[in-house]
Number of protein chains: 2
Amino acid sequence: MDGQDLKRRMAEFAGMCRQKGVIATHQRTEIYRELAGSSKHPCAEAVFKGVKKRIPAISLDTVYRALRLFESKGVISRCCTIGDRARFDADMGSHVHFVCTRCGRVLDVAGSAPSFLKAPPEAAAMGAVESVRVEVRGRCGRCGKK
Amino acid sequence: MDGQDLKRRMAEFAGMCRQKGVIATHQRTEIYRELAGSSKHPCAEAVFKGVKKRIPAISLDTVYRALRLFESKGVISRCCTIGDRARFDADMGSHVHFVCTRCGRVLDVAGSAPSFLKAPPEAAAMGAVESVRVEVRGRCGRCGKK
DNA sequence: AGTATTATTACGATTTGTTAGTAATTATTT
DNA sequence: AAATAATTACTAACAAATCGTAATAATACT
C-alpha cells in the first residue's frame, strides 16, 4: 500500500460514508486511515495505538464503536480472530489470507485465482451465499526458518 | 454422524492421544465424545453443558483446558468465532463450512470439490501450508424463509 | 500390591476483549 | 447565533477465557 493507493482509498471512504449515511468525523476518518494504511490486518487495540499518535485524546471505545459501525455498513470487514482478538480489513475485495499459526500474522495472498473465492455449488444449495472466506493456515516465511 | 462413526472416532481419539502424549482421562474422553458426536460445532459452553449430563461435577475450566490442549496437539480445531464465542470441530479433515449470518449455525458442506480445499499456489509460496479453511457465509435454508 | 511421583481436576479469583450508560463535546440545521 | 442532533470520552459493566492452587486421580517404581 503506497501513498497513492491510500489516497484513493480515503476518497472511496468519503464516498462510502456519504452513500451509507455515516458521518465521516475526524476520529472515524483517522481510524479508517489507520486500517487502510496498514497491511497487518490489525486488531482494535492496534488501530487504537496507531490513531493515538495523531489524536492523543482518542478513546479505545471510540475505535471499537467505529469499527463496529463500519462493519455493519459494509465499509470494512472483520477478517478473522487470532488468539481472541478480532482482526479487521479495509479491503472489501475478494482475496485470500495467509494466517501464520506461529506468530499470528495475517498476510494478503496476492492474485489468487478466482476459483478459490467462489462458493462451491454444494454450499450454494444450502442457503443464500453472501460471501466466501478463504484462509490458508501455516507457518509464514519468517517463522519457517525455525 | 451415526453411532458407528462415533465409535470409530473415539478409537481414533485414543490413538491420537497415545501418539501425541495426551493422557486420555475420563473427562477429556467425554469432552471429545461430546464434540465428535455433535454436528453443531459447539462452543466451549455448549460442550460443557453436554458433558455435564454425564459428569455432573465437571467444571467449565476443565472443558476450556481440554479444548485448548486438543487444539494445540492437532486433535481438534477451532473452526471459527461466532459472536464472541469460539466454535470447535473434531473433524480435522479438509472441508467447507457454511456459517449462517442470521442464526449462527455452522454447517458442514458435504462433498466439496477438492479444488476448494487446496491452497492457491501463491499462498504455498508464502510459507509452509498446514491447512485451508473455507467458510461460506450467508443465510441458511431455515433462516432463508424470512 | 503399595508407595512415591507426576499430572489433572475443580474451585475461585483474575484477566482481558468488548460493550453499555451517560455527561460533555462537536457538528449540523434553522 | 441558538437549537437540535449526533458523536465522543469517560467510567463502569459484562462475559469469555485464563491462571493459581489445593485436592484428587493417574502413572511409575520397587
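Protein chains get the first letters and strands the later ones, always in sequence-line order, with residue 1 at the start of each.
- The main-chain N or O of A:Ala110 is never found under 3.5 Å from a side-chain atom of A:Asp108 such that the two would form a donor-acceptor pair.
- Each of B:Ile76, B:Val51, B:Thr25 was evaluated against B:Ile31; a single residue qualifies, B:Val51, per the side-chain contact (heavy atoms from CB on, under 4.5 Å) test.
- When the options A:Arg87, A:His97, A:Arg105 are evaluated for a side chain to side chain donor-acceptor pair (under 3.5 Å) with A:His41, the one that passes is A:His97.
- Between B:Glu135 and B:Arg137 there is a salt bridge, since a side-chain N of the basic residue sits under 4.0 Å from a carboxylate O of the acidic one.
- At D:dT8, none of the side-chain N or O atoms of A:Thr62 fall inside 4.0 Å of OP1 or OP2 (strictly under the cut-off).
- Ring pair B:Phe70/B:Phe13 is perpendicular by interplanar angle, where above 60° counts as perpendicular and below 30° as parallel.
- Listed by residue number, the members of residues 67-78 of chain A with any heavy atom below 4.0 angstrom from DNA chain D form an empty set.
- Summarising the geometry, the separation between CD1 on B:Ile82 and P on C:dT18 is reported as 15 Å, rounded to the nearest angstrom.
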Using a cut-off of under 3.5 Å, enumerate the N/O to N/O pairs linking the protein to nucleotides 21-24 of chain C.
from: C:dG21; atom 1: O6; to: A:Arg65; atom 2: NH2; distance (Å): 2.6

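- Crowding of B:Lys20 atom NZ: a count of heavy atoms from other residues, nucleotides or ligands under 6.0 Å exceeding 12.
- With salt bridges taken as basic N to acidic carboxylate O contacts below 4.0 Å, one links A:Glu30 and A:Arg33.
- Phosphate contact (OP1/OP2 of D:dA9, side-chain N/O of A:Gln27, threshold under 4.0 Å): present.
- Ion pair B:Glu34/B:Arg54 flagged as a salt bridge, since at least one NZ, NE, NH1 or NH2 atom sits closer than 4.0 Å to an Asp/Glu carboxylate oxygen.
- Contacts of residues 15-26 of chain B with DNA chain C (heavy atom under 4.0 Å): B:Ile23, B:Thr25.
- Heavy atoms only, all atoms of each residue included: A:Ala44 and A:Leu60 are closest at O-CD1, 4.3 Å.
- Annotation: the span from A:Phe48 atom CZ to A:Cys43 atom SG amounts to 11.5 Å, rounded to 0.5 Å.
- The residues A:Glu12 and A:Lys7 are annotated as not salt-bridged, no charged nitrogen and carboxylate oxygen being separated by less than 4.0 angstrom.
- Rounding to the nearest 0.5 angstrom, the gap separating the CZ atom in A:Arg139 from the CZ atom in A:Phe98 is 9.5 Å.
- Of all the residues in residues 47-60 of chain B, B:Ala57, B:Ile58, B:Ser59 reach under 4.0 Å from DNA chain C with at least one non-hydrogen atom.
- Axis orientation changes by 40° from one end of the helix from C:dA1-D:dT30 to C:dT30-D:dA1 to the other, with each end axis drawn from 5 pairs and the value rounded to 10°.
- Shortest non-hydrogen contact noted between B:Val47 and B:Pro42 is CG2-CG, 3.7 Å.
- Distance check, rounded to the nearest 0.5 Å: SG of A:Cys17 to NZ of A:Lys73 gives 10.5 Å.
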Check the interface with nucleotides 14-16 of chain D: list each N/O to N/O pair with the protein under 3.5 Å, or write none.
from: D:dA16; atom 1: OP1; to: B:Arg85; atom 2: NH2; distance (Å): 2.9
from: D:dA16; atom 1: O3'; to: B:Asp84; atom 2: O; distance (Å): 3.4

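- Looking only at distances, no side-chain donor or acceptor of B:Thr62 sits under 3.5 Å from a matching main-chain atom of B:Ile58.
- Judged by distance alone, with hydrogens and angles left aside, the side-chain atoms of B:Arg9 form no donor-acceptor pair with the main-chain N or O of B:Gly37 at under 3.5 Å.
- The pair A:Asp61-A:Arg65 meets the salt-bridge criterion, since a charged nitrogen lies less than 4.0 angstrom from a carboxylate oxygen.
- Under 3.5 Å, the side chains of A:Glu71 and A:Ser77 contain no donor-acceptor pair of N or O atoms.
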